[in-house]
Amino acid sequence: KQPQWVPNVSMINNMSAIRFDGTEVMSAGDTLDLGFNSRSIFLIAKANNPLSGQRFFSKSLAANAPKRFSFGYTGSGTLNVLYHGVSSTGISLTGTSDYVLNTISLERSTSGGTGKLFSGGIQIGNSFSINTSTYNFNSSFRFLIGAYNDALDIGEISYLDGDVPEIIMY
């Protein structure tokens, strides 16, 4: 079942969004590997029920596996980034039903790497250490929008009930 394209969402000045109902997912297969690169990710999104542990996107396994990457809410309603077994948890944004601009910065160099999470233009949580650019972060998991990969990467869990108007990754 695919998410819906909603052409006019009043909360975002009648711009369009992709709407997930808590049972839908978009899969791009094994794409968007980090490789040796740094990444910046911009995501405008909202979850209707952040307390249910919903994920906006993932390229991961539902287990403590290496080379995993995911972003969304924990079961307690806190935004977090999962990166290669490191969990960077930000401040609690429980109860918000607004669209929020979230930014994830993954800066990798040969001398070190740093990850940061911003929400609404404010850095939330602490910076976290990530692999240097000498490490090939090539993950074989599917890239999903609107859910989290299950433990075998054949199904999904932690479905999103909410909207994703925009996602930019570079």
Side-chain angles (χ1 to χ4, degrees), residues 1-12 15-32 39 41-106 115-126 128 139 141-169:
K1 189 173 171 187
Q2 294 184 345
Q4 270 187 339
W5 173 263
V6 181
N8 297 306
V9 180
S10 61
M11 288 180 68
I12 53 172
M15 301 301 288
S16 56
I18 299 172
R19 180 158 294 156
F20 296 84
D21 71 0
T23 64
E24 303 159 332
V25 65
M26 293 176 63
S27 175
D30 180 12
T31 58
L32 292 173
R39 288 282 187 263
I41 301 162
F42 301 92
L43 172 77
I44 298 173
K46 81 166 187 144
N48 293 327
N49 184 7
L51 290 173
S52 64
Q54 300 177 36
R55 304 310 283 177
F56 294 115
F57 64 82
S58 66
K59 186 167 174 64
S60 188
L61 286 183
N64 191 9
K67 298 185 180 180
R68 65 184 181 147
F69 186 66
S70 179
F71 175 64
Y73 285 100
T74 65
S76 64
T78 302
L79 273 176
N80 87 331
V81 174
L82 292 174
Y83 175 89
H84 195 53
V86 175
S87 176
S88 174
T89 301
I91 61 172
S92 177
L93 299 176
T94 304
T96 183
S97 60
D98 294 333
Y99 290 85
V100 178
L101 170 62
N102 298 290
T103 306
I104 301 166
S105 169
L106 302 174
K116 297 177 184 174
L117 171 61
F118 298 84
S119 186
I122 299 168
Q123 183 175 345
I124 60 175
N126 297 321
F128 53 99
S139 169
F141 311 129
R142 294 173 299 145
F143 178 75
L144 302 177
I145 299 175
Y148 193 78
N149 314 59
D150 71 4
L152 299 175
D153 194 25
I154 56 175
E156 300 85 27
I157 59 173
S158 301
Y159 289 96
L160 175 63
D161 175 14
D163 295 351
V164 178
E166 188 166 359
I167 183 169
I168 300 170
M169 298 182 161

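The model shown is predicted, which means the values in this text are computed figures rather than measured ones.
- A salt bridge does not link R19 with E24: every distance from a Lys NZ or Arg NE/NH1/NH2 to an Asp or Glu carboxylate oxygen is 4.0 Å or more.
- Minimum interatomic distance between T23 and D21 (heavy atoms only, all atoms of both residues): OG1-OD1, 2.6 Å.
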Legend entry - Steps toward side chain to side chain contact (heavy atoms under 4.5 Å, CB included) verdict (S139, K59): CA-CA 7 Å; S139 169; K59 186 167 174 64; 3.8 Å; yes
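- Judged by distance alone, the side chains of N102 and S119 do bring a donor and an acceptor atom under 3.5 Å apart.
- Under the 4.5 Å side-chain criterion, counting only non-hydrogen atoms from C-beta, Y148 is in contact with R68.
- Qualifying ring-ring contact (aromatic ring centres under 6.0 Å, His included) partners for F56, counting only residues two or more places apart in sequence or in other chains: F71, Y73.
- Two residues are said to be in side-chain contact when any heavy atoms from C-beta on lie closer than 4.5 Å; Y159 and V25 meet this criterion.
- For R39, the side chain to side chain donor-acceptor pair (under 3.5 Å) test picks out no residue, with sequence neighbours left out.
- Side-chain contact between I18 and V6 is absent, with no heavy-atom pair separated by less than 4.5 Å.
- Counting all heavy atoms, side chain and backbone alike, A45 lies closest to P165 at CA-CD, 4.1 Å.
- Note: F57 and F69 meet the aromatic proximity criterion, with ring centroids under 6.0 Å apart.
- Screening D30, D150, D153 against R142 for a salt bridge (charged side-chain N to carboxylate O under 4.0 Å, His left out) leaves a single residue, D153.
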